[in-house]
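Worksheet: one structure, shown below.
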Amino acid sequence: MLRHPSGIGSRAWIAISTLADAAMLAIAAVLSSGPFLALLMMSVVCMAELGRRKLYTPHAIGAGLLPTTGAALCAVAVGAIVTLAATAVFHHSAATDGVLRAWLFASVTVTLSRLTLALWRRNAHARGLVGRRTLIIGAGAIGAQLEHRMRDNPAFGMIPVGYLDADPADADRGIPVLGSPDMLEQIVADTHIDFVVVAFSSAPDSEVLPLLRRCERLGLELAVVPRLYENVNRRQRVEHVGGLPLLAMRTPHPHSWEYAVKHTLDRLVAAILVVVASPLLIGLAIAVKITSPGPVLFRQPRVGRDGRAFDILKFRSMRVASAETDELLRQRLRASGSAPGGVEGLDRRTPIGTFLRRFSLDELPQLLNVLRGDMSLVGPRPERPEFVDLFQTDLVRYDDRHRVKSGMTGWAQVSGLRGQTSLADRVECDNWYIQNWSVWLDLKILILTPLEIIRSQAESSNRSPTSSQEA
């Protein structure tokens with residue numbers, strides 16, 4: 001039996017999650033005091049929908065709290081709606097009130113249960129206590145990138161153990177190459193591998209395919225990094241021409257009607273937020289003005305969609321200084337592979353500026369950038385022209401982020417990549433966002449942004465005051 005990433009068997013995980021859902025639905029049924037048969041039907045449909053949404057899948061990678069919450073609420077809603085439809089067909093209108101009450105109670109109980117299970121699993125992964133022992137086939141650059149992602153994000157539930165490659169390429173690896181493909185069975189037995197990820201290797205496909213068959217015979221789970229993975233997104237579908245599968249790809253076009261709707265919603269929401277937050281904006285502007293000499297707003301050229309420059313707006317958080325060169329900063333960022341942001345060089349933050357940056361309140365004037373059409377609420381964070389010129393020569397696909405409007409917040413920021421963090425990781429997140437954009441993804445990022453600010457502040461409390469970050 002394969003181990004579940006939380007350290008229990010697959011069957012045990014399915015049993016625990018199934019029993020938890022059944023118990024929560026039973027509690028909701030008791031509280032609702034509805035007809036037994038109607039509530040039983042609702043429970044069965046709800047659990048079937050949870051299974052369809054793969055919430056009983058024991059090895060889901062990186063299952064987030066928001067998707068888990070959304071899936072649980074939708075499953076309960078489907079169960080309730082199907083039951084209400086059945087009661088209407090069979091003219092059992094007396095059951096309607098009970099089902100509606102059960103819907104309300106189950107939305108709370110099932111969601112809380114599912115969040116508890118998800119937090120339990122995430123905590124176990126994050127602490128490195130448990131996880132699937134993972135073998136990476138292919139010790140090149142992509143394999144090394146996978147290894148770093150697994151080690152940096154233990155919530156994925158994968159513990160990289162080693163590589164399998166007969167001719168490993170040069171790469172920044174932190175785990176050993178355990179041997180060549182002909183040693184697979186011995187390596188699996190010695191290291192207790194239960195998950196295999198196939199990255200790009202020097203071996204031809206004619207040799208990799210039999211290797212996958214051997215992994216299947218050993219009862220190992222398999223995952224494959226697809227060729228042309230940069231263009232793979234959540235919209236692709238598999239079609240077949242005879243026995244040959246085709247991966248049909250569809251990427252949202254930045255100038256399509258979908259993005260036109262996005263930008264219209266951006267301006268509408270920004271206008272509402274400006275009106276609602278106007279007392280706060282006025283108060284912060286007065287605080288900036290009276291606490292230090294200089295303008296209230298800080299303007300700085302940034303590069304947006306299609307490489308066009310615009311002036312980004314922020315509340316001024318630093319004392320005005322004479323012009324100084326960025327050459328030393330460029331050299332430091334190039335050497336470290338970090339993005340600019342946070343406190344660069346001499347700390348010139350004002351007392352109110354420190355507060356503004358801590359809670360990202362200095363970014364609020366960018367709502368005006370959104371109203372003017374320079375920016376979007378969600379998108380890659382814009383960078384200064386001089387750094388764009390520097391980074392696009394050093395980083396593959398850096399310029400791809402300019403396909404869409406820059407954002408006040410983005411996928412990289414809610415993934416913990418704020419301030420002077422890895423630029424390569426930020427570019428990867430930005431391009432993933434563009435490839436997988438949807439209105440739901442934007443909403444998810446907007447919900448996660450304040451949570452990320454709170455989380456980063458909790459972490460920064462254990463660091464020096466100069467570590468404040470600015471995305």
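Under a 3.5 Å cut-off, the side chain of Ser278 and the backbone N or O of Val275 do form a donor-acceptor pair. With Arg299 contributing its side chain and Ile312 its backbone, the two residues share no donor-acceptor pair below 3.5 Å. For Ser113 (side chain) and Thr109 (main-chain N/O), no donor-acceptor pair under 3.5 Å exists by modelled atom type. With hydrogens and angles ignored, the 3.5 Å screen pairs a side-chain donor or acceptor of Arg316 with a backbone N or O of Pro295. A donor-acceptor pair under 3.5 Å is absent between the side-chain atoms of Arg305 and the main chain of Arg401, judged by distance alone. Judged by distance alone, the side chain of Lys405 and the main-chain N or O of Gly373 form a donor-acceptor pair under 3.5 Å.
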Please walk me through it: do Val439 and Glu258 pass side chain to side chain contact (heavy atoms under 4.5 Å, CB included)?
CA-CA 9 Å; Val439 173; Glu258 297 168 298; over 6 Å; no
Which is it for Arg403 and Asp400 under the side chain to side chain contact (heavy atoms under 4.5 Å, CB included) test, yes or no, and what are the steps along the way?
CA-CA 6 Å; Arg403 290 177 288 170; Asp400 285 359; 3.8 Å; yes
Using the rule given for side chain to side chain contact (heavy atoms under 4.5 Å, CB included), can you reason through Val404 versus Ser376, listing the C-alpha separation, both sets of side-chain angles and the distance that settles it, and then say yes or no?
CA-CA 9 Å; Val404 299; Ser376 175; over 6 Å; no
Worked verdict on Thr409 versus Leu448 for side chain to side chain contact (heavy atoms under 4.5 Å, CB included)
CA-CA 10 Å; Thr409 184; Leu448 289 175; over 6 Å; no
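Remark: Arg173 does not engage Glu147 in a salt bridge, criterion side-chain N to carboxylate O under 4.0 Å. Asp21 and Arg114 are joined by a salt bridge, as a carboxylate oxygen and a charged side-chain nitrogen come within less than 4.0 angstrom of each other. Ion pairing between a basic and an acidic side chain is recognised when a charged N comes within 4.0 Å of a carboxylate O; Arg237 and Glu239 show such pairing.
Taking all atoms of both residues into account, the shortest heavy-atom contact from Tyr259 to His253 is CD1-O, 3.2 Å. When all heavy atoms of Val370 and Asp266 are compared, the pair lying nearest together is CG1-O, 3.6 Å. Scanning both residues, Gln413 and Glu452, for their nearest heavy atoms gives O-CG, 3.3 Å. The nearest pair of heavy atoms linking Arg372 to Asp311 is NH2-O, 4.3 Å. When all heavy atoms are compared, the tightest approach of Leu73 to Ser107 is CD2-O, 3.8 Å. When all heavy atoms are compared, the tightest approach of Val238 to Pro245 is CG1-CB, 4.1 Å.
For the pair Phe310 and Met375, the minimum side-chain heavy-atom distance is below 4.5 Å. Put simply, the side chain of Leu361 does not reach to within 4.5 Å of the side chain of Phe315, judged on heavy atoms. Two residues are said to be in side-chain contact when any heavy atoms from C-beta on lie closer than 4.5 Å; Tyr56 and Leu50 meet this criterion.
Side chains of Asp430 and Tyr398: no donor on one and acceptor on the other come within 3.5 Å. In the model, Arg357 has a side-chain atom that pairs as donor or acceptor with a side-chain atom of Ser317 under 3.5 Å. Side chain to side chain, Thr350 and Thr291 fail the donor-acceptor criterion of an N or O pair below 3.5 Å.
In terms of the ring pair (Phe, Tyr, Trp, His ring centres under 6.0 Å) criterion, residue partners of Trp432 (sequence neighbours excluded) are, by chain and number, Trp411. By the salt bridge (charged side-chain N to carboxylate O under 4.0 Å, His left out) test, Glu49 pairs with Arg52, Arg53, sequence neighbours left out.
Once rounded to the nearest 0.5 Å, the distance linking CD1 of Ile290 with CD1 of Ile352 reads 8.5 Å.
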